[in-house]
Amino acid sequence: MSMKHMLKVSHSSYLGGDAGDATCRPISSTAKQPVTPKSLPALPATAFACESSTQQATPPTGSAPDAAGLPTVLEGKVTDGGRLKGHESVLLPSRSPDRGHTMRLTGTMAKYNWGINGRHFDMLNPFAGAFEVAATDRIRVKIINETKMWHPMHLHGHTFQIAGNGAREDTVIVRPNETVAIEFEADDPGQWLAHCHNAYHAGRGMMGVFSYVR
């Protein structure tokens, strides 16, 4: 790749919840280096051990609800962020996108070959098929679900807005054979995963990288 990728170290919530505060210390100078694309400078061969801080959980208070007062049947429509509107206080400033990407969700239950744009994410080649962005750009992403499954698509490092003054989210459900357009400000340089938040789909390859370049 001709342009240099911008790196940033961060906690990830993927498959692990909130990492919380952590203290890291070097533990080895001979640890194996992480797999790094040739276009990136070699990383120091130092491993780090991280110790997360812990907090005493607060026990719940109050009494259980009266079972007789609970509904026996739920009625109405199930909604999600894709059907909501954002409050004016959280809307992105009005401007035209500087860059656009198309993210096709592909695969079938029969083959369990989930991917993005027909590609299965490869940890040994993470920048293959990356969605390139530049700092300060407004990015518009059209997510097209070509499968028969629901996919809750999640973007790390940013919040996005459903196009058309929709809700501000970091995850949006894309229903089978439907399309959702999102927009976000490229204001957090780094290499950020986007993936289906069904862990089984992500694990089979429905992941990609939004890659800041310069």
Side-chain angles (χ1 to χ4, degrees), residues 10-19 70-87 90-92 97 99-133 138-188 190-211:
S10 70
H11 284 305
S12 171
S13 62
Y14 176 57
L15 294 182
D18 186 3
L70 298 177
T72 57
V73 177
L74 297 179
E75 299 178 343
K77 292 183 177 180
V78 176
T79 191
D80 56 55
R83 291 175 170 170
L84 303 177
K85 291 293 184 181
H87 188 271
V90 300
L91 295 180
L92 295 176
R99 192 181 304 226
H101 291 292
T102 298
M103 179 183 289
R104 294 169 36 249
L105 310 182
T106 54
T108 66
M109 278 295 293
K111 295 182 178 180
Y112 224 71
N113 55 342
W114 307 114
I116 292 177
N117 292 339
R119 180 187 299 275
H120 309 295
F121 185 75
D122 182 0
M123 289 294 292
L124 299 180
N125 190 18
F127 293 122
F131 301 99
E132 293 187 345
V133 302
R138 169 69 62 84
I139 309 298
R140 183 182 178 95
V141 184
K142 185 166 65 172
I143 308 174
I144 305 171
N145 187 355
E146 299 179 355
T147 81
K148 302 298 184 182
M149 296 289 290
W150 289 39
H151 297 292
M153 298 305 297
H154 174 63
L155 174 62
H156 286 238
H158 307 77
T159 59
F160 55 74
Q161 180 175 297
I162 311 299
N165 293 339
R168 283 289 290 274
E169 301 282 354
D170 62 12
T171 306
V172 63
I173 290 173
V174 188
R175 294 176 178 79
N177 300 310
E178 291 192 7
T179 298
V180 173
I182 64 173
E183 294 186 4
F184 68 92
E185 302 281 19
D187 57 3
D188 194 4
Q191 309 302 315
W192 295 106
L193 276 178
H195 59 87
C196 179
H197 233 303
N198 180 328
Y200 299 106
H201 296 177
R204 292 294 289 177
M206 190 172 277
M207 294 199 293
V209 173
F210 279 83
S211 175

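Quick caveat, the model's predicted, so the values are computed rather than measured.
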Looking at every heavy atom in both [X] and [Y], which two are closest together, and how far apart are they?
X: Ile116; Y: Leu105; result: CG1-CD2, 4.3 Å
X: Ile173; Y: Val180; result: O-CG2, 4.2 Å
X: Ala194; Y: Leu155; result: CB-CD1, 4.1 Å
X: Pro126; Y: Leu124; result: CD-C, 3.6 Å
X: Phe160; Y: Met153; result: CZ-O, 4.3 Å

Tell me every residue that passes side chain to side chain donor-acceptor pair (under 3.5 Å) with [X], counting only those two or more places apart in sequence or in another chain.
X: Thr179; result: none
X: Thr106; result: none
X: Thr102; result: none
X: His158; result: Tyr212

Quick one: do the Glu132 and Ser211 side chains pair a donor with an acceptor below 3.5 Å?
no
Pairs meeting criterion salt bridge (charged side-chain N to carboxylate O under 4.0 Å, His left out) with involvement of residues 143-165, two or more places apart
Arg104-Glu146
Salt bridge (charged side-chain N to carboxylate O under 4.0 Å, His left out) contacts in which one or both residues fall within residues 149-158, not counting sequence neighbours:
none
How many angstroms lie between atom NZ of Lys111 and atom CZ of Arg204, to the nearest 0.5 angstrom?
12.5 Å
Calculate, to the nearest 0.5 Å, the distance between atoms CD1 and NE2 belonging to Ile182 and His101 respectively.
11.0 Å
Starting from the C-alpha separation in whole Å, work towards a yes-or-no answer on side-chain contact (heavy atoms from CB on, under 4.5 Å) for Leu193 and Val209.
CA-CA 5 Å; Leu193 276 178; Val209 173; 4.1 Å; yes
Could you point out which residue of Glu185, Glu169, Arg168 forms a side-chain hydrogen bond (donor to acceptor under 3.5 Å, both in side chains) with Thr159?
Arg168
Asn145 (side chain) donor-acceptor with Arg175 (main chain) under 3.5 angstrom:
yes
Test log, rule side-chain contact (heavy atoms from CB on, under 4.5 Å), inputs His154 and Asp170
CA-CA 6 Å; His154 174 63; Asp170 62 12; 3.6 Å; yes
Taking the six-membered ring for Trp, are His151 and Trp114 parallel (under 30°), tilted (30 to 60°) or perpendicular (over 60°)?
perpendicular
Output all residues satisfying side chain to side chain contact (heavy atoms under 4.5 Å, CB included) with Arg119, sequence neighbours left out; order by chain, then residue number.
Ala128
Taking side chain to side chain contact (heavy atoms under 4.5 Å, CB included) as the test, write out the residues that go with Pro97, two or more places apart.
Arg138, Arg140, Glu183
Once ring-ring contact (aromatic ring centres under 6.0 Å, His included) is applied, do any residues pair with Phe210, and if so which ones, sequence neighbours excluded?
Phe131, Phe184
Sub-4.5 Å side-chain heavy-atom contact between Gln161 and Leu91
yes
Are His201 and His195 near enough that their ring centres are under 6.0 Å apart?
no
